[in-house]
J.: 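First the structure, then my questions, so here it is.
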Amino acid sequence: MLDIKFIRENPELVKKGIKNKNEKDTVDQIIELDEKRRSFIAQVEELKAQRNSASQQIGQIKKSGGDASAQIAEMKRVGDMIADLDKNLSGVEEQLHNLLIWIPNLPNETVPIGKSADDNVEVRQWLPEGFTFENEEKVLDHTELGKKLKILDFERGAKITGSGFPVYMGKGAQLERALINFMLDYHIKDHGYTEVIPPLLVNRESMFGTGQLPKLEEDMYLAEKDDLFTIPTAEVPITNLHRNEILEENQLPINYVGYTACFRREAGSYGKESKGFLRVHQFNKVEMVKLVKPETSYDELESITNDAEDILKALKIPYRILMLCSGDLSFAAAKCYDIETWSPAENKWLEASSCSNFENFQARRANIRYRKTENKKLDFVHTLNGSGLATSRLMVSILENYQTPEGKVIVPEVLQKYTGFKIID
RNA sequence: GGAGAGUUGGCAGAGUGGUUGAAUGCGGCGGUCUUGAAAACCGUUAAGGAUGCAAGUCCUUCCGGGGUUCGAAUCCCUGACUCUCCGCCA
């Protein structure tokens, strides 16, 4: 959520940001409603001040046994006027709110302007020693490998639930679990994060707080009876841990890491991209969330991105970092790096992580503030998150990059102590 | 699922219609005292909004929403959550 005062004072800046994000510009309507709102406030507050002092007088008169019926009649009239004005005011405020919640966060000034994913900018690439993009022999893709080695079963997943709900079997399940544990341990021990196991269903307030609602309602599973959503990412419950709280400056930065299953309807995105793990409705992800002081948030963005990269370096998976252009940024993000891992079978990069700075956009929605040590003033924290990482796409890269000419898969060295075996055959 | 109790400021906890934004205690901050610290004592201590260059003035807020009233933390309705007991269950 943007600050209405900021919009009022910088309408052109806001309009530009909205345009660069390909979102709907309602700034003129917002400013008009804001003026209306403030004019109603001025009127109604004037009357309320009048009523408050008169009510006090009436109390005095009654106490001393006098007759206050004239004042009471007058105040009844004033009360009716207040009721009318209040009604108008809340009507205007509702309209204003309904526009404001659709205004996206503005891109940071360092973000390249662009329309779509084609305009994202590659920042750097990391390739393991000896890696080459050319494959002399045919590489099996992850679905073929999964079938051959009996470690993934997409067909049975479709039977018991529907397409896009993968089943991991045997060593596949063990590898998945090893990967999750490895990533959690790494972030906890080497990067100093605190582990959280949050609920997988959350209420509307939480979904609003991180910016999934109202825009992305159609992309989420909803348990209608209880009006609860399954989480599309652990970002939602973990960031909302501190909703409506005031933190102390010396508590910051707060670094959380959590593993959860994630659920996405991916409405309207069926197609060739949906093979195997490439697009699923349920997947596993280790997510990092940071609550930080505003002045540090861009350093923290670099840091959280590095934390995700460290995992890939340890696994020796080739990856590249993209800086998303304005048009490809999510609704709530001000700046975002995507990490893509290499898939030799698809012969392309697959998004495995997304690290974003939301500045105070989510903190405003979720009302997460902190008290500054210096002057005791309150301010909104900045929130960040980054996948560290999503296992589905990562599993594609591991299976494909670590396969032997015979179609077996070597377990990455750092995972071997977690799996207890070195090869899947 | 059934029955009951509760939700007040950073925390604990008073307050059942009229200077109650809210007693008191703790905590926090400032000060006195002290070589320093502790103790003791004194003072101070909410957030959001409107307006204003500012000082200030005003409005709102006692879980959320609605109502009664000239006036509500206080009365009524409703929703959420918490706790206790019973039932069911991993």
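A, B, ... follow the sequence lines: proteins, then strands. Residue 1 opens every chain.
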J.: Choosing from B/C59, B/C70, B/A50, which nucleotide comes nearest the side chain of A/Ala49?
T.: B/C59
J.: Whether A/Arg365 engages the ring of A/Phe208 as a cation-pi pair (distance to the six-membered ring centre under 6.0 angstrom, angle to the ring normal within 45°) should be assessed.
T.: yes
J.: Using a distance-only test with no angle check, is there a side-chain donor-acceptor pair under 3.5 angstrom linking A/Asp299 and A/Thr296?
T.: no
J.: Under the side-chain contact (heavy atoms from CB on, under 4.5 Å) rule, what do A/Ile30 and A/Leu100 come out as? Steps first, then yes or no, please.
T.: CA-CA 7 Å; A/Ile30 285 172; A/Leu100 277 175; 4.1 Å; yes
J.: Side chain of A/Arg371: nearest nucleotide among B/A50, B/A47, B/G18?
T.: B/A47
J.: State which of B/G18, B/A47, B/A50 makes the closest approach to the side chain of A/Arg37.
T.: B/A50
J.: Which value, in whole Å, describes the distance between the C1' atoms of nucleotides B/A14 and B/A23?
T.: 6 Å
J.: Just by distance, no angles: are the side chains of A/Asp307 and A/Tyr193 close enough, under 3.5 Å, to form a donor-acceptor pair?
T.: yes
J.: Taking atom P in both B/G56 and B/G64, what distance in whole Å separates the two?
T.: 29 Å
J.: Roughly how far apart, to the nearest Å, are B/G49 and B/G10 at atom C1'?
T.: 23 Å
J.: Taking for each residue the nucleotide of RNA chain B with the nearest heavy atom, is it A/Ile41 or A/Met75 whose nucleotide lies nearer the 5' end?
T.: A/Ile41
J.: For a quick check under 3.5 Å, do A/Tyr259 and A/Glu195 share a side-chain donor-acceptor pair by atom type?
T.: no
J.: Please give the distance between the C1' atoms of B/A3 and B/U8 as a whole number of Å.
T.: 26 Å
J.: Starting the side chain at C-beta, find the nucleotide from B/C70, B/C58, B/G48 nearest to A/Glu45.
T.: B/C58
J.: Consider the side chain of A/Ile72, meaning its heavy atoms from C-beta on, and name the nucleotide among B/C70, B/A50, B/U60 that approaches it most closely.
T.: B/C70
J.: In whole Å, what separates the C1' atom of B/G9 from that of B/U61?
T.: 11 Å
J.: Tabulated below should be each protein N or O lying under 3.5 Å from an N or O of nucleotides 62-64 of chain B; please produce it.
T.:
none

J.: Using atom P of each nucleotide, how far apart are B/A38 and B/C33 to the nearest Å?
T.: 15 Å
J.: Just checking A/Phe358 against A/His382, ring centres under 6.0 Å apart?
T.: no
J.: If only side-chain N and O atoms count, and only distance matters, is there a donor-acceptor pair under 3.5 Å linking A/Thr110 with A/Lys335?
T.: yes
J.: Rounded off to whole Å, could you give me the CZ-to-P distance for the A/Arg77 and B/G71 pair?
T.: 14 Å
J.: Can you tell which of B/G18, B/U51, B/G49 lies closest to the side chain of A/Arg38?
T.: B/U51
J.: For B/C76 versus B/U69, give the span between their P atoms, rounded off to a whole number of Å.
T.: 16 Å
J.: Picking from B/A47, B/A50, B/U60, which would you name as closest to the side chain of A/Lys48?
T.: B/U60
J.: For nucleotides B/G1 and B/G15, find the distance between their C1' atoms and express it as a whole number of Å.
T.: 36 Å
J.: Between B/G71, B/A47, B/C59, which nucleotide gets closest to the side-chain atoms of A/Asn52?
T.: B/C59
J.: Looking only at the side chains, is there a donor atom on one of A/Thr210 and A/Gln362 sitting less than 3.5 Å from an acceptor on the other?
T.: no
J.: Both A/Asp34 and A/Glu46 contact RNA chain B. Which one's nearest nucleotide lies toward the 5' end?
T.: A/Asp34
J.: Could you summarise the pairing of RNA chain B as dot-bracket text, marking Watson-Crick and G-U pairs under 3.5 Å with ( ) or [ ] inside the strand and | across strands?
T.: ((((((((.[[[..)..(.....]]]((((((.......))))))((((((....)))))).[[[[[..)....]]]]])))))))....
J.: Between A/Asn284 and A/Tyr168, is any pair of side-chain heavy atoms under 4.5 Å apart?
T.: yes
J.: Under 3.5 Å, is there a donor on one side chain and an acceptor on the other for A/His187 and A/Tyr256?
T.: no
J.: Decide yes or no, distance alone: a donor-acceptor N/O pair under 3.5 angstrom between the base of B/G71 and the side-chain of A/Gln56.
T.: no
